[in-house]
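Just so we're on the same page: letters track the sequence lines, and every chain starts at 1.
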2 protein chains.
Amino acid sequence: MAPTQGIGLAEVARVAGVSVATVSNALNRPEIVAVATRDRVFEAIRELDFVPNRAAATLRRGTNHLIALFVPEVANAFYSEIVSAVADEAARHDFVIGLCVTHDEPEREVFFANSLAEQRAAAAIVVPITADAPRLSQLRRVGTRLVLLDRIAANADGCSVGIDDVLGGELAVRHLLSSGAAAVTLVNGPHSVQQCADRHAGALRALAAAGLPASALHEIVVDAMTVDAGRRVGRQLAAGPNRPAVFCVNDQLAVGIIGGLREHGVDVPSQALVVGYGDQSLALDGPVPLTSVAQPTHQMGVEAVRCALAEVNEGAEHVHRTVQLRPRLVVRGSAPAIPEPGRGAPAR
Amino acid sequence: MAPTQGIGLAEVARVAGVSVATVSNALNRPEIVAVATRDRVFEAIRELDFVPNRAAATLRRGTNHLIALFVPEVANAFYSEIVSAVADEAARHDFVIGLCVTHDEPEREVFFANSLAEQRAAAAIVVPITADAPRLSQLRRVGTRLVLLDRIAANADGCSVGIDDVLGGELAVRHLLSSGAAAVTLVNGPHSVQQCADRHAGALRALAAAGLPASALHEIVVDAMTVDAGRRVGRQLAAGPNRPAVFCVNDQLAVGIIGGLREHGVDVPSQALVVGYGDQSLALDGPVPLTSVAQPTHQMGVEAVRCALAEVNEGAEHVHRTVQLRPRLVVRGSAPAIPEPGRGAPAR
DNA sequence: CCTCGTCATTGAATCGATTCAGGCTGACGA
DNA sequence: TCGTCAGCCTGAATCGATTCAATGACGAGG
């Protein structure tokens with residue numbers, strides 16, 4: 001133990017024949033150190049296998065090279081893609097990321113806020129449980145900058161990055177309409193979930209733009225947004241009016257619906273159109289590849305880190321921004337681009 | 001800024017009318033502080049909204065309340081379940097987790113090893129790129145304890161937690177045999193992947209136990225272990241001998257294979273049996289629920305944290321252990337428990 | 001030859017919690 | 001009354017990197 005204990009700047013300085021201040025400078029502001037000296041220092045560092053102690057730097061500077069990341073879940077494609085992107089982008093800038101999985105439980109949010117405040121995290125990228133995130137005050141107190149993700153509110157004291165879900169809903173429904181549908185069925189979750197409400201709003205906007213009344217949207221609200229729930233809705237739709245055009249608030253539901261329809265001999269896309277949301281991998285796994293609204297999760301993560309670093313680096317003159325990313329429709333077999341030959345012309 | 005700067009033990013001590021040493025003791029060894037004093041201290045802490053500075057403690061103690069977690073990917077059900085479990089268990093013990101996504105790239109492993117060594121992580125839970133993980137030496141140097149996950153080697157200097165993949169393979173094939181199959185098709189990835197080799201070995205063991213020759217195992221090695229690759233194999237199998245019994249090395253392949261078989265009118269389970277591996281959510285998403293080998297990912301994560309904490313707390317007298325977790329067969333429609341009525345008696 | 005400016009380097013204070021060797025107090029037994 | 005002891009508390013050193021004012025060296029310009 002003892003031998004490896006305590007190799008600090010001091011030891012490096014001794015070996016390189018310079019002062020600790022110079023070693024520190026060589027590490028942090030190489031440009032102000034003479035080349036020869038710098039080389040000698042790095043030589044010594046290598047020779048001693050010196051690993052700087054970030055705790056000392058954090059203590060002195062008051063801020064750690066650490067970004068907290070708060071997400072409700074990890075075992076969920078949407079969030080895990082974000083986590084992945086954030087992790088990569090943070091690493092590119094030499095920041096460690098401290099992962100906080102809140103399970104949407106406020107106590108956990110508070111708990112992690114505390115832990116990461118103790119660590120003096122430089123910034124926190126947060127998918128907040130409630131929009132204003134009052135539980136993060138501990139972080140604010142120690143100077144941690146906040147970036148809100150996905151669930152955007154009027155975030156007076158920080159940047160935020162989100163996705164335009166209204167646009168996503170609009171894209172989906174616009175596509176269905178342009179494929180000849182005269183009415184659309186929206187299979188949605190509860191409107192208390194912002195995303196669900198937004199996508200519904202987008203659907204209405206698309207109808208309005210096409211000159212159709214709001215009554216052309218039939219909304220079915222399910223409690224669980226799973227494949228199985230989708231399957232049940234699919235069976236139900238199979239018994240309903242002909243040639244439904246269905247927009248599902250996520251891919252699970254969409255895949256289930258296609259399954260339910262097929263069970264009853266309703267083919268997709270020739271006898272029904274289905275559009276999902278999320279463009280998750282299961283969109284490609286079913287018998288019919290799913291047309292779906294892709295969310296720029298990777299871009300979100302990257303953008304969030306950029307904001308966080310901007311907050312950290314620019315200091316007082318930093319101007320907060322709100323980044324709104326645009327989803328994109330990925331057209332596949334379940335609702336192809338060109339109206340099916342067998343399908344009639346747009347009704348009316 | 002200035003007002004919130006610098007609320008340390010000293011300030012708390014002043015307000016509570018005690019020394020900093022006492023405040024520190026109240027926080028870390030409450031039992032040695034008189035109750036009245038302790039109350040006064042906590043009162044002051046609350047009043048001042050004091051957030052201890054973990055950097056100072058880390059500096060002094062030489063170790064941080066931080067566990068590094070190295071995984072190859074996050075956007076992958078197997079790993080994200082582990083990450084989730086580790087994150088939860090670590091939080092229960094008041095440790096922050098530092099997430100390192102290596103993408104199986106050695107440079108990243110080295111890079112993160114460095115970053116987390118600088119942070120003086122107390123322990124690292126690592127899914128190593130190569131078994132012996134020589135790239136983690138920086139961590140060892142600063143006293144970070146290592147726990148190897150999933151890819152176990154003779155890990156002389158640490159605990160390890162893994163899954164018995166041989167048993168997993170055996171369970172799957174034993175099930176197929178007990179359902180009347182006289183031969184089994186294994187759809188596998190390259191044997192250079194340890195898991196693939198192990199599951200193959202398990203398959204052979206099951207055959208041997210049933211008194212069947214190794215030639216009763218037909219192995220098909222695919223390069224990509226995706227749903228799509230599975231679909232291709234399924235089509236191929238549909239053209240082959242009757243009533244195949246297929247064991248797939250993951251659920252993606254299994255789902256694809258069922259799809260491919262059905263395209264050609266081969267029904268599952270009446271005309272073919274399929275067992276997957278991993279028991280991921282997509283096992284339930286297809287038209288036929290998948291029989292699959294479930295991996296105790298959650299337990300793995302929990303166990304890994306327990307090992308890590310044991311390493312950290314027990315110090316010198318700690319005895320390393322190797323935990324081998326047992327997978328479990330989850331029987332569903334694609335290979336049901338009772339031989340299908342339509343199926344013949346076990347051949348020979 | 002002197003002065004001044006530039007560039008490289010250094011000494012020493014500082015960040016805040018931990019820790020340990022004492023110091024003080026009051027109770028109790030002798 | 002005094003000694004002893006347990007229980008509680010404190011002073012001060014310590015961890016290692018950062019930072020800034022200050023020093024020194026050296027060359028150019030006068």
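- Atom CZ of A:Arg92 and atom CZ of B:Phe111 lie 10.5 Å apart (nearest 0.5 Å).
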>> Could you walk me through whether B:Thr22 and B:Arg38 satisfy the side-chain hydrogen bond (donor to acceptor under 3.5 Å, both in side chains) test, starting with their C-alpha distance in whole Å, then the side-chain angles of each, then the deciding distance to 0.1 Å, before giving a yes or no?
In response: CA-CA 9 Å; B:Thr22 299; B:Arg38 205 194 299 162; over 6 Å; no
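- With respect to the salt-bridge test (charged N to carboxylate O, under 4.0 angstrom), the residues A:Arg151 and A:Asp104 qualify.
- Atom CG in B:Leu9 sits roughly 15 Å away from atom C1' in D:dA12 (whole-Å rounding).
- The side chain of B:Ser24 lies closest to C:dT19 when the candidates are C:dT10, D:dA17, C:dT19.
- You'll find that the side chain of B:Arg61 is closest to C:dT18, out of D:dC8, C:dT9, C:dT18.
- Proximity note for B:Ser19 (side chain, C-beta onward) versus D:dT10, D:dC8, C:dG16: the nearest is D:dT10.
- Within the 4.0 angstrom heavy-atom criterion, no nucleotide atom of any strand lies near A:Val23.
- One end of the helix from C:dC1-D:dG30 to C:dA30-D:dT1 points its axis 50° away from the other end's axis, with each axis taken from 5 pairs and the angle rounded to 10°.
- Between A:His65 and A:Phe95, the ring planes lie parallel to each other; the angle is under 30°, not in the 30° to 60° tilted range.
- Taking atom CD of A:Glu118 as the reference point, atom P of C:dG16 lies 15 Å away to the nearest angstrom.
- Following rounding to the nearest Å, B:Glu11 (CD) and C:dA17 (C1') show an atom-to-atom distance of 15 Å.
- Remark: C1' of D:dG16 and CD1 of A:Ile45 are 14 Å apart, rounded to the nearest angstrom.
- In terms of position on DNA chain C, the residue among A:Gly17 and B:Arg54 whose nearest nucleotide sits closer to the 5' end is A:Gly17.
- Distances were taken from every side-chain heavy atom of B:Ala34 (C-beta onward) to each of D:dA12, D:dA17, D:dC9; the shortest belongs to D:dC9.
- At D:dC15, none of the side-chain N or O atoms of A:Asn53 fall inside 4.0 Å of OP1 or OP2 (strictly under the cut-off).
- Rounded to whole Å, atom P of C:dT10 lies 12 Å from atom CD1 of A:Ile32.
- Distance CG (A:Asn28) to P (D:dA17): 10 Å, rounded to an integer number of Å.
- Side chains of B:Gln195 and B:Asp150: a donor-acceptor N/O pair is present below 3.5 angstrom, by distance only.
- For B:Asn25, no side-chain nitrogen or oxygen approaches OP1 or OP2 of C:dT19 to under 4.0 Å.
- Rounded to a whole Å, the CD atom of A:Glu31 is 13 Å from the P atom of C:dT9.
- In this entry the distance linking CD1 of B:Ile7 with C1' of C:dC15 reads 15 Å, nearest Å.
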> Would B:His103 and A:Asp88 satisfy side-chain hydrogen bond (donor to acceptor under 3.5 Å, both in side chains), going step by step from the backbone distance to the final call?
Replying inline: CA-CA 10 Å; B:His103 297 293; A:Asp88 289 351; 2.9 Å; yes
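- Between B:Arg140 and A:Asp49 no salt bridge is recorded (no basic side-chain N to carboxylate O distance below 4.0 Å).
- For the pair A:Thr22 and C:dT9, the criterion of a side-chain N or O lying under 4.0 Å from OP1 or OP2 is not met.
- Within the 4.0 angstrom heavy-atom criterion, only backbone atoms of the sugar-phosphate kind lie near A:Ala57; the bases stay farther away.
- The phosphate of D:dT14 (OP1 or OP2) has no side-chain N or O of B:Arg60 nearer than 4.0 angstrom.
- The existence of a salt bridge linking B:Arg40 and B:Glu43 is excluded, since no basic side-chain nitrogen approaches an acidic carboxylate oxygen closer than 4.0 Å.
- Among the nucleotides C:dA8, C:dT19, C:dG16, the one closest to any side-chain atom of B:Leu59 is C:dG16.
- Closest to the B:Thr37 side chain, of the nucleotides C:dT9, D:dC9, C:dA17, is D:dC9.
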